[in-house]
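Comments concern the structure below.
Just so you know, these numbers use all the heavy atoms, side chains as well, and skip hydrogens, waters and symmetry mates. Below, read A as the first sequence line, B as the second, and so on, with proteins coming before strands; counting in each chain starts at 1. Note that the coordinates shown come from a computational prediction; the quantities given were computed from them, not determined experimentally.
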Amino acid sequence: MTTSRQLTRPKALAGLGLVGFVLLLGLVGPLLAPYGPLEQIEGANLVGPSPSHWLGTDEVNRDVLSRTLSGIRLDLLVVFVAVPVGAAIGVLTGLLTAWWNVADVLTQRIFDVVLAFPTLIFAIALSAFIGPGVWTIAIVIVALEIPVFGRLVRTSVRTVREMPYVEAAQVAGAGPLWVLRRHVLPNSLEPLTVQLAVSMSVAVFIEAAMSFLGIGVQAPNPSLGSLIKDGTTLMYDAPFLALGPLALVLVLVLGLLLISQSLSEAHRD
Amino acid sequence: MLSYLVRRIPSAVGVLFAASFLIFLMLRLIPGDPVDALAGQDATQESRDAIRADLGLDKPFWSQYVSWLGGLFRLDLGQSYRIGGDVGDLLRNGALNTVVLTVAALLIALVLALVTSLVAVIRDSRWLNAALNAVNTIGLALPTFASGLLLVLVFAVVFPLLPSGGTPPEGYLARPDISVQYLLLPAFCLALPVWAGLSRFLTEALRSQLRQPYITTARAAGVSRTRLVVRHALPNALPSAVTVLGIQVGTLLGGAVLVEQIFTWPGLGSLIELAISGRDYPVVQVLLLLSVAVFVVTQLLTDVLQAWLDPRIRIGGAR
Amino acid sequence: MNVPHRQAWLRLLTAAVALCLLSACTSAVGEQARRRSSGEPVDGGTLRVAALTDLIPASVFGQSSNGGNAVIGLVYDSLVEYPHDSLEARPALATSWKVAKDGRSIHLELRDDVRFHDGKPFTSEDVKFSIRTIADPKWAVQLQRTAAAVTGFDTSDPHAITLTFDRPLSNILDLLDIVPIVDKDTFSQVKAGTGYNGTGAFRFDEWKPNSEISFSRNDDYWGGKPHLDGVDVKIVPDPQAQAAGIRSGQYDLLLGATARDAETFSKDPKYEVLDFEGATQQTYVGFNLKNPDLKDVRLRQAVAFAVDRERILDEVYRGEGIAQNLSWSPGSPAYDEKAAHHYDRDVDKARELVDGLGSVASLPLQYIAGDPTAEAVAQIVQANLDDVGITVDLEPVEYAQMYQRLVGADYDGLWIFGHTYAQYTPATLPVSAYPFNAEHNASNFLSPGYAAHADQAWAAAAPDGPKAKRAYAGLNADMVDNVWLTDLVTFWPRLVTTSAIHDIDYTKRTELIARDAWKDQ
Amino acid sequence: MTDPVGSTEETGTRDVLTIEGLAISFAQPRPAVNDISVSIRQGEVLALVGESGSGKSMTARAVLGLLPPGARASGSIRFHDQELLGLSERELSQVRGRRIAMVFQEPQTALNPVRTIGWQLREVLRAHGSISRRDARARALALLEQVEIPEPERRIDHYPHQLSGGQKQRVVLALALANEPELLLADEPTTALDVTVQAEILTLLRRIRENTGTSILLITHNMGVVAEVADRVVVLRQGDVVESGGTAELFRAPEHAYTRQLLDSVLTLPEAGDYVHSVPGPEAPAEHPALSYESVSVAYGSSRRGRAFPAVTQVSLDLAPGEVLGLVGESGSGKTTLGRLAAGLVPLAGGTVRLDGEDLFAASAARRRELGRDLAFVHQDPEASLDPRMSVGASIREPLDIHRVGTPAERAARVAELLEAVRLPAEVARRRPRELSGGQRQRIAMARALVLKPRLMIADEPTSALDVSVQADVLALFRDLQKEFGFACVFISHDLAVVNSVADRVAVLRHGEVVESGPVAQVFGTPSHPYTQRLLAAVPVPDPSRRTTEQVVEANRRRAG
């Protein structure tokens, strides 16, 4: 209820608009794309932006606009699937361990250890383990979000369980499941949504950084990160290559940031 | 306060131990045998066995783990399989570069964050806030490699004012003036997101401190706004900012991998990539453990700093 | 502490830093930019080299890397030297040599005025030790088979040596060109990367892993004092960073410029692009015959017909090279123009071959991760194969593992990699290079006929005599018929230097030579 | 009402501050100030009285330009001849602290937690002219002495958290007095304090006025405090002045109905020597008391780490069915802990707690849940006692849902029934807690507590967060409900008068021990324990003719010394 109200603030609306724009492009864009994302067009080697190729063509003669539109989908997958999956697992573990003290200390230590690795180093190590690729990105993000959300939920469980209304329910005879479902989860929702938006923007970064380091999406498939990387390796010869995908990353991250900021501002007020 | 610190040490050590075991185990689960990489095409089984024995890989897992841990306590980090040489020697140079880079970035981020958030809160003017907010958000939304390449393009290629990458040729101390120029771009690039995050947090923290009753008390006593912000609100906002900064150190190390690549800064970030792809276990496990240790120590330092900044923790609640 | 005081202090600090940055201090960039002059060589200056890959001491003689090759080229000498553009060996540490009539031994006269950097005199024992070292499989040197065939060492005269072989070696001079003469006593330092004691024009000073290797002038060099004070090899793993670095005046010489960068720099009068056409390298598509689908030669032939070598040459290598399916350059005794173009692109033929196979499963195509050139080639090949109905999945593999799979012959299916050794005596390729080694190659291709042809070429007394040529024709036919690999492009190193650098040289094995190099002051 | 109230009556002394036609409006909808005119004379204590929303605090804040962002003030505030409204921040800071100072309600948060007392005093001194470090320290010590802080030499280097609440409030006073202001604005300076401490601070305020001639504008909701210290009173309601006049006259003959209502809702204690009527109490003791504490102890902190300290020690109390037992005591006395113990919310360190004869802590979790049906808990804080995300109806219904009592229709009917019982319209069931006032929320909490028809209710300070008039209503309601439903109740309060009005018996707690217990009229009428006597004496009496606190403080000091 309050969340939906917060989302109607102008700042949140702007954020939603930006994210929605990228979402729409990712869903509808590939249908409108002039070429296939992998299609190599004869003779169109590294052509600058022109009416026939709005964002130019790349080193192996592919239309960058078409690739960009198709590449958005992968980021959307990472943002709207991997993050929520990790978040869901994290929330569940957080609830279980914090409320029933099931292996609470052990879980916290594991979370500590996972969070102790800098994200990218963790990603590099993991990619050595399972090889580079889309799955690696997804697994890295899921593995990272589990402790992030697990901790968040743990903190909020500990806060909410001290609240008088929870005590009142407990005194009236409510069991733990009842309290979790009726009180703890609904009242943890606000910090969770803020974190969700933050995590989503971080996920875009992770995808881009991993692809930039060559351990993310692999050729010939496009993602925003791999397109930026392709563009930056030819920065002097074809500065136009990275512009489109870079702008989209900015728009996406900016949108998610605005949403999370307005959510947390509303939360604070 | 000392007991407060002492209480935290066992859990920190626990994390380190757990991490060391996890790292050791994970690396041995990675497909690929380092002996294959070392022995040539025509190597005989004997020479392969000799190499295996030479590396200690013929011993059982636990004994390998224990002997590695034992080595760590004696500061003997082992021998690199592929790159060659003592792991400690390999790391020393890279570690120096990475430390210089990250510390410089941390300082830049800290100073910039302090200055911008203090100015923003003291001035409290609408357009200044909007401008800082915009810069902030862009700093947060711009991927590190994008900002890095932009910096190279602008300051090293279009206007060749600063070196495009690399470390100072004569070391850091021989010519500090030159060193600063080499450090400026990569450190700033690394500092940018940290600065943005920190200054955003600090501005908010200062603003929320300014809403506290004790500020009203001081204001009612006629203390000027600048003093209110700098002398009253800031010391109260710092402890939580220190926590945020502690978390950012992790971000900084991760970012260092990217920045080192962009600015060809020969630090641990590039070494770890090389070592992982070459299955150079002794190097990889030390590097991974090092990054965990940095994190753990940062957490401890954060706690100590926080206690030092906050008398409620330092002196305790005794009346 | 008073606030105004602190503010003043801050202001002072800011001002000091700004001042320092703006005026008093020298610019790091400005210091690098030197004025141009021309004419006679001048002494002094340090050559600043950007290398793509770092020295790996554990395999310094085997796996080639920019850093390792710089160490070998600068610190060590060999007995004889090929100029980069021919196979006419020239004296180096050996002043003269004579191959026995039966081709089973060689006698070399050695210089008597040569000392290692640590002062120890150079003798025939060092030659023996050096060849023995290369013959040790531990170093995984591709010429290991040739070195191992050298079985007798007559070192009775410290300034002459006779090597005897257990079989005729037509490529013995290749070996003598390639083997660096190392010092036995200090050799343990080599593997640790702490010391390289050679006889070359530059002394090894220090290796900072992943960062730089520094060298200083050897004033007692037997070939005369070099002009340069020293050489600094910086490890710059990103080609783009190398390009940016030379533009901002940080480097004098790039070892890792991409074809596109080289093309750009060649149009700029401030830079020179040095072409070493004799030091050819090849990019190829290999097939692991252990993969059941690739066992069928028709599929391999279809791939060979399908790939668009001209497009790869034009778009990726910017036209600097030769699009052909064999490795020999036109100057090589084994060169056969018809065979080299047997597999010129023919989509119809490729489709026909594929149709004849029935259904073709999707195959993995492995290539070097993070190498933009390899990635571009792989993507073009993928599209070419797609055109004829062969689906391949691109699979990037870290360089170290790529090399490991090459040595261990365990690629999953197809792969794209580079090879060399076609620039030497033709026998060296089939007896040494991992992809071609007739006894044991990366494709797991074994054929008695091919092994026999390789052996004949190896045993031929004169590398360009008629007997040899017959063996070469046989080898070419083997390669065309069996296509366990197919070359895409033959190209050569293009080094980018600023125009202030002169007389840089490169060996056939892409080792940096700087003994005559000089720098404008 | 544009005439400054009472400004012309006595011409001998001149007005220090004159507020005329002050109106304050907000961007957001919230109680505003419509039209307030007040003036304060030299050396006078003027009380500004009103309930929440009356605009009393905003008026004081407007004087120093400390209104919250988004507030707009109009009218006139003159300090001597200087108009304060519309001054710039820089000009205001010349007035703040130097000429007019202010003291706030909550001493816990009014001091900077990370700076020493001495630092904060020096800082305030330096805000109005440079002063050397040594002089500043000497002056700070003098100030601490002036506000009667023991051992100022030691205390000056302490941090706020090392001081007690009363000491903190003294430091806040010292901060306000540092630059010798002519006018002191004191916004509920004693509300957050225990009664005995309140008495001390009030005495201090009076003494300051006597010694320095500072005028004091005292803002309070407590008529007892007004009667204790004020020379004149201005009564505010919803942003308007209702009535004003000399304290004695106003208490004797209040003119306005609202003033009368305010005075009427003040609860009183039995006077010493009043007739002690024997409380009939519950007849014929049932076979089991509803609740019995058998020499119970509770420890806080972890006993494992050996740093436990006792919160309750060896307390034995019985509560008969249908009886109301009041627990009174100051903060830290353990009264709340005892209440929570009966609800099973804190671990027991020793002794036995019996509900209806059954050992609560020996029961299984399932049995305890069953026992919960007969037990209800009403929390002190109406803000937090209802889940903000649940509708009021759902909150009341929750215990029914938990125990699956009846059909949904029956549950809804029961909710409606209870809403009626707590005198709220049925449509409230659909609202969210934050749409309701504090009093309404406390009624809802009571309704929820009663939904399962409990035999025992634990009410922990259920009215302490409410305005006096609302408190009177809620207490009346409580009495009615108790009569109607016949539950036994542990009623916890720091306010002796409140307990007096609802409880049958009372237990006085101090440092976790019962010092005295018995029928209310007996304990409050003829207290036997000196602590109870002191507590009773410290309560300000809403009768200006009987200012008693001075003696109490004196008694305290003698005892302490």
Largest heavy-atom contact set with chain C, pairs under 4.5 Å, which of Asp230(A), Leu38(A), Asn61(A), Leu213(A):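 Heavy-atom pair counts peak at Asn61(A).
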
For Glu59(A), is it the side chain, the backbone, both or neither that has a heavy atom under 4.5 Å from a heavy atom of chain C?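 Both backbone and side chain of Glu59(A) come within 4.5 Å of chain C.
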
Can you say whether Pro132(A) sits under 4.5 Å from chain C via the side chain, the backbone, both, or neither, judging by heavy atoms?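 Only the side chain of Pro132(A) comes within 4.5 Å of chain C.
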
Ile215(A) CD1 to Glu398(C) CD distance, which is reported to the nearest 0.5 Å: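 So the CD1 of Ile215(A) and the CD of Glu398(C) are separated by 8.5 Å.
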
Quick check for you: among Glu375(C), Arg260(C), Arg247(C), which has the greatest number of heavy-atom pairs under 4.5 Å with chain A?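 The answer is Arg260(C).
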
Output the option from Ala243(C), Ala376(C), Ala378(C), Pro239(C) having the highest count of non-hydrogen pairs under 4.5 Å with chain A.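 It is Ala376(C).
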
Any heavy-atom pair between the side chains of Gln240(C) and Leu234(A) that's under 4.5 Å?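 Answer no - side chains too far apart.
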
Has the side chain of Gln40(A) got a donor or acceptor atom that lies under 3.5 Å from a matching backbone atom of Gln379(C)?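 Yes; at least one donor-acceptor contact below 3.5 Å.
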
Using non-hydrogen atoms only, which part of Ala244(C) is less than 4.5 Å away from chain A: side chain, backbone, both, or neither?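 Both backbone and side chain of Ala244(C) come within 4.5 Å of chain A.
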
Stepwise side-chain contact (heavy atoms from CB on, under 4.5 Å) check, Gln218(A) with Leu394(C): CA-CA 8 Å; Gln218(A) 295 301 325; Leu394(C) 298 189; over 6 Å; no

If every non-hydrogen atom of Val60(A) is compared with every non-hydrogen atom of Arg311(C), which pair is closest and at what distance?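 Heavy atoms only, the tightest pair is O-NH2, 3.3 Å.
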
